[in-house]
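Step one of this worksheet: look at the structure below.
Below, read A as the first sequence line, B as the second, and so on, with proteins coming before strands; counting in each chain starts at 1.
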Amino acid sequence: MASTASVAPDPQVPPTTDPFDLPKDQLLPAYRWMVLSRAIDERCLALQRQGRIGFYAPLMGQEAAQVGCALAVRPDDWMFPAYRELAVALTRGASLTSVLDQLMGNSSDLTKGRQMPNHFAFADQHYVSASSPIGTQITQAVGAAMAAQRRKDPIVTVAFFGDGATSSNDFHAGMNFAGVFRTPTIFLCQNNQWAISLPRAKQTRSKTLAEKADAYGFPGVVVDGTDVRAVYRAVAEARQRAVRGDGPTMIEAQVYRLGPHSTSDDPKRYRSDEEVAHWKERDPLTRLRGELLAAGAVDAAGDQKIWEDARAQVAAAIAESERIAPMAPDSMFGDVFSVPTPQLEEEQRSFDASDRPHGGAP
Amino acid sequence: MASTASVAPDPQVPPTTDPFDLPKDQLLPAYRWMVLSRAIDERCLALQRQGRIGFYAPLMGQEAAQVGCALAVRPDDWMFPAYRELAVALTRGASLTSVLDQLMGNSSDLTKGRQMPNHFAFADQHYVSASSPIGTQITQAVGAAMAAQRRKDPIVTVAFFGDGATSSNDFHAGMNFAGVFRTPTIFLCQNNQWAISLPRAKQTRSKTLAEKADAYGFPGVVVDGTDVRAVYRAVAEARQRAVRGDGPTMIEAQVYRLGPHSTSDDPKRYRSDEEVAHWKERDPLTRLRGELLAAGAVDAAGDQKIWEDARAQVAAAIAESERIAPMAPDSMFGDVFSVPTPQLEEEQRSFDASDRPHGGAP
Amino acid sequence: MTELTLVQAVNRGLAEAMRSDPDVLILGEDIGVNGGVFRATEGLFKEFGESRVIDTPLSETGIVGTAIGMALYGLKPIAEIQFLDFIYPAFDQIVSELAKMRYRSGGQFPCHVVIRAPYGGGIKGGLYHSQSTEAYFCHTAGLKVAIPSTPADAKGLLLTAVHDEDPVIFLEPKRIYRAVTGEVPDGDHRVPFGSARVVREGSDVSLFAYGAMVPPTVEAADLLVKEGIRAEVIDPRTLVPLDEAAILASVEKTGRAVVVHEAARCCGFGGELAAILAEKAFYSLKAPIGRVTGYDTPFPYALEHLYLPNAETIAHAARSAVQAS
Amino acid sequence: MTELTLVQAVNRGLAEAMRSDPDVLILGEDIGVNGGVFRATEGLFKEFGESRVIDTPLSETGIVGTAIGMALYGLKPIAEIQFLDFIYPAFDQIVSELAKMRYRSGGQFPCHVVIRAPYGGGIKGGLYHSQSTEAYFCHTAGLKVAIPSTPADAKGLLLTAVHDEDPVIFLEPKRIYRAVTGEVPDGDHRVPFGSARVVREGSDVSLFAYGAMVPPTVEAADLLVKEGIRAEVIDPRTLVPLDEAAILASVEKTGRAVVVHEAARCCGFGGELAAILAEKAFYSLKAPIGRVTGYDTPFPYALEHLYLPNAETIAHAARSAVQAS
Ligand SMILES: Cc1ncc(C[n+]2csc(CCOP(=O)(O)OP(=O)(O)O)c2C)c(N)n1
Ligand SMILES: Cc1ncc(C[n+]2csc(CCOP(=O)(O)OP(=O)(O)O)c2C)c(N)n1
Ligand SMILES: [Mg+2]
Ligand SMILES: [Mg+2]
């Protein structure tokens, strides 16, 4: 993915072999991934309102941070996401229908209808199962990096989390273990300025979040998370340091949560229209589109087409996923253990028994 | 306690009104407290070997840090100790017999024989009940400081903890809340270089522990914890900032745990005699004695007397506490709740009933 | 008397407590300007200001740890945990500190904190917005555990909790936050701890349920009546302390018992109730004690309606108890 | 066969697992150079080095969180918690993550971690070095819970745990770490999960006990024999999965049951066992089910001998059961 194959010289962009620069031939793909995520967000917010999915947590505003990171890491690196990293999953190859199946909790859902929407798990993409409790993936990412060290695998693990998660227990423990064991871990904090209704300034009194890395003895860097190139560069650099054995890096990608926290949230209760408007001008999609138009990599019609394609893809995937059968009832009993215990088998038998109605263990 | 009453001028020490300087008339009392704690440590390690108390955790090496801090705070400040802060309790006025009663868990023990030795609670001294789980007192100290803010009481709370505790969840949460709410809290970290067998260097990769305060937006300072004046000064300064409304301070007092972690520990398994010898030369008692002798505040005979007095006091207190009756059996059921629940009353009745042997609920 | 939903009753209880005692304050995530994710604290920030309605950083460890410190200092903090599923970062503070502070200090440091948390399933919340883990707290000596099932009890138990001197875990059945309305006494309404509510009298079988399981249990009793079975429905309201007298009296009368809860079965509160009956009402029992509970699986998302006990399954268990022997 | 103490058997089990599988590693506090505060890991640092015997910073959150990450990546970590009383900072990782990982990922991310912790009273450890909170873990779907009471079972259950594919909470009764010795098979000795051990056969009353409660329960059986009462003693060895068949068979035979554990009574494992019996062995029961347990107080220090069940109190409960009705 982070190919450094030379590209045809371009008058606008000086030729470069800088390995940390997002390759020029990746700019348009990056844009496509960003547009696709935005298209999903827009449709899914609507689907939720229509009662066709139960919940949705949009990532709008954070696309450049996620896609930039996903392009800078390798397929065998491991991602430890929270619930808002949909664009990372897509860019790493999770199919659109598998995403929609999860959002619908249907019988094709890889998480078997057991998790709320957005709590994805894609083993093929080394995209680890996301959970709701804030921060828990951070220590796990560090542990997987310790495992990779032990196996001498030249990979990194990436822990994704928000500004709010810097207050969590696992942030502290994970950062500390990473420092002590010099693990190949990238701590990618998407500081989207809000933890539901709590603004960044009330989350912690440190000037930046990145500087918290000092307390653990490794570098922390701040990047403009609306700039896909800046994120790519920071992640690629951190990745190189990590696989060289030089330890972890924390990256604070400064972004903004343009949408609500989730479909259960009404941000008008706690933040001003002006603030949102200010950040809308810094929409990462607008920025990249501007660069692409300026570079002549795409024209207005081409851009239009990218959006139309994305929306069509999403519509098709929704239609496809809505045709899938609902989850089979007895799937409730699978995967509690590798092999069910006798107690669970008995509970399942009583559930299957036709002489009693379903609902709760008898 | 932190009186700044003027003292007779001394040729050695230039006259000062520096409010952060340990008053000269407090130096000898400070030394006495330090000697007394050392005498307790020595006797209690022996008592444990003789089976007269069940456990003991010595503080030797940390006397200057504890006494210096205890002299710099006020009686209505609140102390949130761990299990090793005996000298703080003594200096604040906890009686020697009440200490011994706790170590013995007898019927005069203020903790009613419910806690292991060293887990003191002295409400009169605002010395909050210590527990074994590492770090838990830290957030509590911050909460009490928030309460004092709300009541507009001009006091501070002091959280005492070790180098190991900087890895705890409560360190992170407590420091963060203190920073966000600018609480009048002093975080007094006695870095005694070891957390049982884990050396400071493996606890965290930050250069100093004090610099961790940066991550929370308030000052962290390092002091030589073997120097009672340096500790006094740092605490007095932090206290003034705190009551002025300028927020918390973390103080890292660099000390050494000269003894074992506790009577259950054998430090020879994990640290070298050389290291211990190196630090024995930096014994805080030796240092202060040297200063006192040089200043003519005490002579060799006077010093001898201080030690003899301390040992005699300890011996007398031990004798007194050993005469106290053991804990009454039904004290087991008190203080679970303010008023016992019917279930507990029933358990206690069955326990009292003479027709069955004691031990476990029937 | 005012007609309120359960969550409104919680809100009125909080306001009442804060108005009558300046030492009462509340802290938690998103409880201030936002009014709480379920709006339980709506309006309180405006009325009482940021020194008494404290939006905290995202740390349950910090919320409960600082609440304990406040209580030690003499305030009466009420901590909100956004969902019971997120209480675990605070578990050490709760079980090691809060529950044991009074005991371990020989009574020198009482520590009165109320921890409120919405709990239970039925809102399509999946694994982490649905769990019922009251048994963890019941098993922890030193904690009281209260669970209302009506708006009046919600306010009345909450006010008792705030004025109690011991730590209280106050669990709010979010599934019926708005689904249930009822008359709630105005002012300082209190419902005593350790006093069960006989929801429905009956003589054939005793059904025990609390929280959001009370409505389907009553529904089950309605179904049973049509078959000539008169079920008694009892809501203990506080699990610790427990009104054993009421529970035993009911089973001594009916001879048959079914316990209902959403929580997973193994080592749930139903086990405790069954054990009490198997010891103390043994000679009255005419049938095996039934338990209708959540399964011993994590809480599912798509299939939660099959995970949760409902009127049908509760009635089914009651019928089995009545037909037994 | 080698004669070993229980803690030595744990040590041999760890060594055996690490020798036979390079993916097995251990992590925890003071387990390296120091060999563990109970010496359970003695010698392992020397044999396997710091990449497989990892001394961690003082953070149970970190220990269990990183162990989960290692397991996800494919290793077989064994985490040591120094005392069960100190597991709570890791509780969120255990109940929210470890227990639910396989389930919530639809089986894509199995997560096999063994967590070892010394537990229980009898060593004059007071509130924080004595607790028995196995019920918290039994109530958490997705965890297995194993508790040995003999050296052979310690090694055999530990090796089964390491080779299992599910998370296992492995609780070691520290009171009998050295008090009990026994013959332990050399090599890869395994004791299956879900298979109770009949410690002593009898026909008059069934006594259920595990961990450090097994020796006093056997002692009680000895006392009872002198009075002509033949007690059957059964050690379930794993609480999850539970060998219900063995338990029910015993009570069907004896008609009388007493459950013994150190943990506080309310919502303890004894409640679960009693509830199972009250449901499934109801028609065999001839007497109320007895529970001999710790009291519903925090664990005391000076009076622990009065808190803990002993042979006398167990025998007393058994006698009551036999004399009943
Ligand atoms: C331990 C825990 N506490 C509370 C919550 C409720 N909650 C869900 S998301 C959220 C805010 C998270 O903020 P941040 O980490 O900045 O991530 P963002 O949602 O902004 O991406 C909160 C408080 C939770 N999920 N987990
Ligand atoms: C949460 C928790 N984990 C583990 C322990 C076991 N333990 C007791 S003291 C200690 C080391 C503490 O080190 P430090 O904080 O430096 O304090 P010190 O003993 O050096 O004063 C450990 C690991 C504990 N008490 N609590
Ligand atoms: Mg955020
Ligand atoms: Mg230390």
Side-chain angles (χ1 to χ4, degrees), chain A residues 54-55 104-107 109 111-117 119 131-136 162-170 195-198 202-204 261 264-267 269-271 326-336 341 343-344 347-348 351 355-362, chain C residues 29-38 55-62 82-83 85-86 88-89 92 123-130 213 216 260-262 264-266 290-317 320:
Chain A
F55 171 93
M104 294 181 181
N106 65 28
S107 58
D109 172 13
T111 68
K112 298 192 185 162
R114 297 191 186 128
Q115 288 247 56
M116 283 177 78
H119 294 66
S131 70
S132 310
I134 293 293
T136 46
D163 44 308
T166 62
S167 296
S168 71
N169 296 339
D170 286 279
I196 308 186
S197 72
L198 197 76
K202 291 190 173 180
Q203 190 64 248
T204 180
H261 172 74
S264 312
D265 178 47
D266 173 12
R269 297 176 70 99
Y270 54 77
R271 68 186 190 183
M327 214 52 219
D330 68 355
S331 81
M332 189 156 67
F333 297 95
D335 303 313
V336 179
T341 60
Q343 279 76 26
L344 260 179
E347 291 189 4
Q348 178 160 6
F351 176 86
D355 72 335
R356 69 174 283 281
H358 284 165
Chain C
E29 294 157 10
D30 306 295
I31 66 166
V33 188
N34 196 40
V37 298
F38 288 103
D55 267 329
T56 68
L58 207 170
S59 168
E60 289 75 15
T61 303
Q82 202 163 85
F83 286 81
D85 315 69
F86 303 139
Y88 306 112
D92 192 29
I123 62 154
K124 276 281 199 171
L127 279 91
Y128 299 108
H129 298 80
S130 306
M213 289 294 101
V260 184
H261 58 63
E262 304 179 45
R265 165 168 306 190
C266 185
R291 287 189 284 173
V292 185
T293 67
Y295 293 98
D296 288 306
T297 73
F299 199 100
Y301 171 70
L303 303 173
E304 75 166 333
H305 56 291
L306 300 177
Y307 182 89
L308 289 169
N310 60 35
E312 289 291 345
T313 53
I314 298 165
H316 183 83
S320 306

Shortest non-hydrogen separation from [X] to [Y] and the atoms involved:
X        : Y        : value
C/Arg265 : A/Ala361 : NH2-O, 3.1 Å
C/Leu303 : A/Pro329 : CD1-O, 3.3 Å
C/Thr297 : A/Met332 : CG2-O, 3.7 Å
C/Thr313 : A/Gly359 : OG1-O, 2.7 Å
A/Gly54  : C/Tyr301 : CA-OH, 3.7 Å
C/Asn34  : A/Tyr270 : OD1-CD2, 3.5 Å

Q: Using side chain to side chain donor-acceptor pair (under 3.5 Å) as the criterion, list what pairs up with A/Thr204, not counting sequence neighbours.
A: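 In terms of side chain to side chain donor-acceptor pair (under 3.5 Å), with neighbours along the sequence ignored, A/Thr204 is linked to A/Lys212, B/Asn176.
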Q.
For A/Gln203, give me all partners under side chain to side chain donor-acceptor pair (under 3.5 Å), at least two apart in sequence or on another chain.
A.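 By the side chain to side chain donor-acceptor pair (under 3.5 Å) rule, A/Gln203 matches A/Ser167.
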Q | Largest heavy-atom contact set with chain A, pairs under 4.5 Å, which of C/Leu127, C/Val260, C/Val33 | A |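 Heavy-atom pairs under 4.5 Å are most numerous for C/Leu127.
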Q: Could you tell me which of C/Gly125, C/Ser130, C/Gly35 has the largest number of non-hydrogen atom pairs under 4.5 Å with chain A?
A: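 Highest number of heavy-atom pairs under 4.5 Å: C/Gly125.
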Q.
Using modelled atom types and a 3.5 Å cut-off, is there a donor and acceptor pairing between side-chain atoms of C/Tyr307 and backbone atoms of A/Gly360?
A.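 The answer is no, because no donor-acceptor pair under 3.5 Å joins these two groups.
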What part of [X] gets within 4.5 angstrom of chain C, counting heavy atoms only: side chain, backbone, both, or neither?
X        : result
A/Ile196 : both
A/Leu344 : side chain
A/Thr341 : neither

Q | Winner by heavy-atom pair count (cut-off under 4.5 Å) against chain C, out of A/Pro117, A/Gly334, A/Ser264, A/Ala195 | A |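 Sorted descending by pairs with chain C, the first entry is A/Pro117.
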Q) Highest number of heavy-atom pairs under 4.5 Å with chain C: which of A/Gln115, A/Met104, A/Lys112? A)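 If we count pairs closer than 4.5 Å to chain C, A/Gln115 comes out on top.
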Q) CG of C/Leu306 to OG of A/Ser331: how many Å apart, nearest 0.5 Å? A)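 The distance works out to 9.0 Å.
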Q.
Do A/Lys202 and C/Asp55 make a side-chain contact, defined as non-hydrogen atoms from C-beta onward lying under 4.5 Å apart?
A.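 Heavy-atom side-chain distance check fails, nothing below 4.5 Å.
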(Q) Determine whether C/Tyr295 and A/Gln348 satisfy the following criterion, side chain to side chain contact (heavy atoms under 4.5 Å, CB included), listing intermediate values before the conclusion. (A) CA-CA 9 Å; C/Tyr295 293 98; A/Gln348 178 160 6; over 6 Å; no
Chain A contact via [X] - side chain, backbone, both or neither, heavy atoms under 4.5 Å:
X        : answer
C/Leu308 : backbone
C/His129 : side chain
C/Thr56  : backbone
C/Phe299 : backbone

